[in-house]
Amino acid sequence: MVSRCPVAPLFREGGVAVGTHVRKVTRTFDIRAIDERWRRAWEEEGTYRPPEPSAGPKRYVLDFFPYPSGDGLSVGHARNYVPTDVLARYFRMRGFAVLHPMGWDAFGLPAENEALLKGRHPRDTTREYSANYRRQLQLIGCSYDWAREINTSDPEFYKWTQWGFLLLLRRGLAYRAIGLQWWCPKCRTILANEQVRDGRCWRHGDTPVEQRALEQWYIRTTEYAERLLRDLDELDWPAHIKTIQRNWIGRTERDGTVRYHLHDWLVSRQRYWGAPIPVVYCDRCGIIPVPEEQLPVLLPEVERYEPSGTGRSPLDAMPEFVHTSCPRCAGPARRETDTLDGFADSNWYFLRFTDPHYASGPWNPEAARYWMPVDWYIGGAEQAVMHLLYARFFTKVLYDEGLVSFVEPFVRLRSQGSLLSPKDRVRMSKSRGNVVTPDEVVAQHGADPVRVAVMFIGPFAQDVTWDPAVAAGAARFVRRLYQLLAQRAKPGTGNGEPETEDLTREVRSRLHRLIKSAGEAIERFRFNTLISSLMTFVNEMERWEKQIAGTPLWSEILDTLVRICAPVAPFIAEQAWHDLGREGSVHHARWPDHDPALAHEEEHTVVIQVDGKVRDRMTVPSATPHEAYAPLASVRPRIAPYLHRRTIRDVVVVPGKVVNFVTRGK
RNA sequence: GCGGAAGUGGCGGAACUGGCAGACGCGCAGGCCUCAGAAGCCUGUGGGGGAAACCCCGUGGGGGUUCAAAUCCCUCCUUCCGCACCA
């Protein structure tokens, strides 16, 4: 049980000896000790593992999985992962079975290019960098179920990527053709159309691409153009992402024929770091797919994996890999030596997460039936075309094959804005030397303040500039929140007077409005206003504390508040949960239900206008009939003079909001 | 050029369906605490006028609809994104 964890001091006793006397001892909130204690406890307890077998209503909450870079995560990445984590934690507390996994898009050009740059093997860099990502994600309290971690360069994974290629081949959707192809001299490989921007390589913006004639593998995405276009309508995605996809598919009418701008997807890469394309070439039988039971076609272990620059893969120079026997006639045959584009991995990885160690197929049909489709998919708009289009395409192929029951993999998509560096107001990158890491901000303020800061700094979808002052403000808020929840929670700290009925009703109403607005803010991805409503509530409770601390009402408030704060500030909420004497983990506690009758405000402030100008305000019971507004308002000392010797031509009443006396004619 | 999104205090932003503009935070000012500082706490903080009560102005510019506009419509300006040139 979580509650067995050793108790660490919450407050450090601090004091400085000056001159002849010792300064008064001050109590310092030691957030790092709290972080460390619960980070360890959650990992040991498997706090975020979904119950097995999962049942009941589910939520699949997924981040775009990253390729692990040697730069590690910046606070900018936290703008993606933290809000998603809040969403996952919220649904968990609401009683949903939540799938919230993380893995590594480890195969492909970006990973191999970086390894080349470092002069190391991508197998080693991948292992090292993903471990660092995992550490950083745990540092900021992301509640992934790490038992489901996947890695696309793992043979257990790419075996099924190869299976997917064979499926496309069998359905006539993969073909070989010679064509003029874009060649990046730095990558020394062919690029897909989508990987060429302004005549330059997507990974090497300073490198113009060249054209080469080569025989390549293509996927017939164009055959699905119409469905890819049409099915966009039903998706809950940001409008601009849909627009980008529509433009990319680009249906036009010329000569009475429907034409598409979309090209077939070129998947061959003359590179080492990818899944070998599972076909062999036999002189007698032609192109023969590797039988499924012989998968995976293992990527051979080599020390030198640099692109040859000849237009052929490094695998081509390895006779022991190339020479094989034909699966059909057993005669001599040659293996395909190109590898698959990394997007062939990210095409389907979300299915693998539903049962990542399943051995008899790419995914467990039962698990996929339960968890799929992805309910919330969160990631940057830079994947608006490639990954999101290929994953939609492949899902439709799986549907046509009868392997899945849905035609779209991602029901809801949300894209976070970039976090710009305060140094130069551009996106953070190590090469620019403008990165702020979560490590340094956590070291300075603690994990919860980092979480609060990246949510509070601006609207989720908007680009914002990182401001260290926001982190400092978030740290102040987290400390005050913790003090409210835990330090002064003990009975008898206030005057403990039996609360009056009116006060109880008012405070409880306030509490239930917070429950309601917090839940709505999370589901609507308004994390900045989520934080501000928590701040407002804490401010108000600090004001009320003198009157009601130590009463049953106060306990009710704290017990509710600690749950509402758990998704946002999981570390201090867990600590406060235990300080409040509760058992287990707050992260297994139920999200409080808001009672609409309690949340309902008993009084409204009504604005009184004369000719549209605000002249006074009055408080009325919410049950006041709207006919009573004008008589009440017209006799008020501030209002009566305005109405004196004027003809009231009209009175507009909006119950609970406004009463407007119109005296002017048109 | 076409299409889309946006423009609110010194700063980040809030304002749900047209109904109190500026919530919340940062910054700043004054105060408390302190030998002093840091931290913390309290108060104030859109602009102008006024001793005050209050009044006037105010959401990029201009016009309109409406009892009422940050919000809806027209127009102009600016910024960002996508398309168009390349694929």
Side-chain angles (χ1 to χ4, degrees), chain A residues 14 16 18-21 23-24 26-29 180-182 191-202 208-209 211 238-248 250 252 261-263 266 381-382 384-385 415 417-418 422 452-453 455-459 461-477 479-480 483 516-517 520-521 524 526 528-540 542-543 604-618 637-638 641 648-666:
Chain A
V16 187
V18 175
T20 55
H21 65 289
R23 297 280 318 117
K24 188 167 70 182
T26 57
R27 282 149 73 82
T28 313
F29 169 48
L180 278 181
Q181 296 307 329
W182 292 112
L191 301 176
N193 290 336
E194 293 87 331
Q195 290 164 343
V196 177
R197 301 257 170 77
D198 300 324
R200 288 161 198 280
C201 172
W202 65 313
V209 293
Q211 291 217 301
H240 70 280
I241 305 259
K242 288 196 197 184
T243 304
I244 293 170
Q245 287 217 355
R246 285 200 186 95
N247 287 338
W248 190 261
T252 47
H261 186 241
L262 183 74
H263 292 31
L266 175 76
E382 65 277 3
V385 174
S415 282
S418 300
V452 169
M455 290 188 277
F456 186 61
I457 195 163
Q462 189 175 304
D463 288 359
V464 290
T465 306
W466 175 250
D467 178 0
V470 171
R476 274 195 282 275
F477 165 67
R479 184 182 44 74
R480 282 172 47 212
Q483 286 177 347
K516 183 167 186 274
S517 65
E520 285 172 356
R524 294 171 64 193
R526 311 190 47 145
N528 54 333
T529 58
L530 167 68
I531 302 300
S532 70
S533 57
L534 289 172
M535 288 172 165
T536 307
F537 187 80
V538 168
N539 290 345
E540 288 173 10
E542 285 177 342
R543 241 167 270 140
H604 292 297
T605 301
V606 173
V607 170
I608 307 169
Q609 301 178 336
V610 179
D611 292 324
K613 284 187 187 265
V614 179
R615 297 299 182 185
D616 198 6
R617 295 174 177 87
M618 63 178 181
R638 296 260 188 92
I648 300 173
R649 293 170 197 276
D650 197 10
V651 182
V652 179
V653 174
V654 181
K657 296 253 164 107
V658 71
V659 49
N660 187 13
F661 296 97
V662 185
T663 71
R664 274 188 317 231
K666 287 218 73 177

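Below, read A as the first sequence line, B as the second, and so on, with proteins coming before strands; counting in each chain starts at 1.
Between the NZ atom of A:Lys657 and the P atom of B:A21 there is a distance of 13 Å, rounded to whole Å. Between the CD1 atom of A:Ile531 and the C1' atom of B:C24 there is a distance of 11 Å, rounded to whole Å. If you take NE2 of A:His261 and C1' of B:A84, they are 10 Å apart, rounded to a whole angstrom. Regarding A:Ile241, its CD1 atom lies at a distance of 12 Å from the P atom of B:C83, rounded to whole Å. Separating the CD atom of A:Glu542 from the C1' atom of B:C24 is a distance of 14 Å, rounded to the nearest angstrom. Atom C1' of nucleotide B:G82 and atom CD of A:Glu382 are separated by 15 Å, given to the nearest angstrom. In this entry the distance linking CZ of A:Phe537 with P of B:G25 reads 15 Å, nearest Å. Rounded to an integer number of Å, the gap from A:Lys242 NZ to B:G4 C1' is 14 Å.
Between A:Ala453 and A:Ala471 the shortest heavy-atom distance is CB-CA, 3.8 Å. In terms of heavy atoms, A:Ser418 sits closest to A:Asp463 at N-OD1, 2.8 Å. Here the closest non-hydrogen pair linking A:Leu530 and A:Ser533 is O-OG, 2.9 Å. Smallest separation of non-hydrogen atoms from A:Thr529 and A:Arg526: OG1-O, 3.1 Å. Listed here is the closest heavy atom pair of A:Pro422 and A:Thr465: CA-CG2, 3.7 Å. Shown here for A:Arg480 and A:Val538, the closest heavy-atom pair between the two residues is NH2-CG1, 4.2 Å.
Within the nucleic acid shown, A:Arg479 comes within 4.0 Å of sugar-phosphate atoms alone, with no base atom in reach, counting heavy atoms only. Among the protein residues, A:Val658 comes within range of the nucleic acid bases, having at least one heavy atom under 4.0 Å from a base atom. As judged by a 4.0 angstrom heavy-atom cut-off over every strand, A:Asn247 is placed among residues touching the sugar-phosphate backbone only.
In this model, the phosphate group of B:C80 is not approached by any side-chain N or O of A:His240 to a distance below 4.0 Å at OP1 or OP2. The phosphate of B:C26 (OP1 or OP2) has a side-chain N or O of A:Arg476 nearer than 4.0 angstrom.
For A:Ala384, the side-chain contact (heavy atoms from CB on, under 4.5 Å) partners at least two apart in sequence or on another chain are A:Ile241, A:Ile244. A search for salt bridge (charged side-chain N to carboxylate O under 4.0 Å, His left out) contacts involving A:Arg246 returns A:Asp233, not counting sequence neighbours.
Between the P atoms of B:U65 and B:C56, the separation comes to 23 Å (whole Å). When the P atom is used for both B:A39 and B:A29, the distance is 13 Å, rounded to whole Å. If you take atom C1' in B:C73 and the same atom in B:G1, they sit 25 Å apart, rounded to whole Å. One C1' atom belongs to B:C33, the other to B:C41, and the distance between them is 8 Å to the nearest Å. Comparing the C1' positions of B:U8 and B:G46 gives a spacing of 10 Å, expressed to the nearest Å. Of the P atoms belonging to B:A51 and B:U34, the separation is 38 Å, rounded to the nearest Å. Using atom P as the reference point in both B:A21 and B:G60, the two lie 16 Å apart (nearest Å). For the C1' atom pair drawn from B:U17 and B:A69, the interatomic distance equals 14 Å after rounding to whole Å.
Toward the 5' end of RNA chain B, the nearer of the two residues A:Ala469 and A:Gln609, judged by each one's closest nucleotide, is A:Gln609. Nearest-nucleotide assignment on RNA chain B puts the 5′-proximal partner with A:Thr605, out of A:Val662 and A:Thr605.
Each of A:Val654, A:Val652, A:Val653 was compared with A:Asn660 under the side-chain contact (heavy atoms from CB on, under 4.5 Å) criterion, and only A:Val652 meets it.
Against the 90° criterion about 0, the sugar-base torsion of B:G9 places it in the syn range.
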Under 4.0 Å protein heavy-atom contacts per nucleotide of nucleotides 5-16 of chain B, with B for base, S for backbone only and - for none | -------BSSS-
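Surrounding NZ of A:Lys516 are at most 12 heavy atoms belonging to other residues, nucleotides or ligands under 6.0 Å away.
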Could you list the donor-acceptor pairs under 3.5 angstrom formed between side-chain atoms of residues 605-613 of chain A and any protein atom two or more places apart in sequence or on another chain?
from, atom 1, to, atom 2, distance (Å)
A:Asp611, OD1, A:Thr663, N, 2.8
A:Asp611, OD1, A:Thr663, OG1, 3.4
A:Asp611, OD1, A:Arg664, N, 3.3
A:Asp611, OD2, A:Thr663, OG1, 2.7

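Contact of the A:His261 side chain with the A:Asn247 side chain is not registered, since no non-hydrogen atoms from C-beta on lie closer than 4.5 Å.
A stem is defined here as three or more consecutive Watson-Crick or G-U pairs, each with both distances under 3.5 Å; for RNA chain B these stems are B:1-7 with B:77-83, B:10-12 with B:24-26, B:27-32 with B:40-45, B:46-49 with B:54-57, B:60-64 with B:72-76.
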Do A:Phe456 and A:Met535 pass the side chain to side chain contact (heavy atoms under 4.5 Å, CB included) test, and can you show the C-alpha distance, the side-chain angles, and the key distance before you say yes or no?
-> CA-CA 10 Å; A:Phe456 186 61; A:Met535 288 172 165; 3.8 Å; yes
Under 3.5 Å, which N/O atoms of the protein pair with N/O atoms of nucleotides 54-57 of chain B?
from, atom 1, to, atom 2, distance (Å)
B:C54, OP1, A:Arg638, NE, 3.3
B:C54, OP1, A:Arg638, NH2, 2.3
B:C55, OP1, A:Arg615, NH1, 3.3
B:C55, OP1, A:Tyr642, OH, 2.8
B:C56, OP1, A:Arg615, NH2, 3.2
B:C56, OP2, A:Arg615, NH1, 3.3
B:C57, OP2, A:Lys613, NZ, 3.0

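If you check B:C20, B:A87, B:C24 against the side chain of A:Arg617, the one that comes closest is B:C20.
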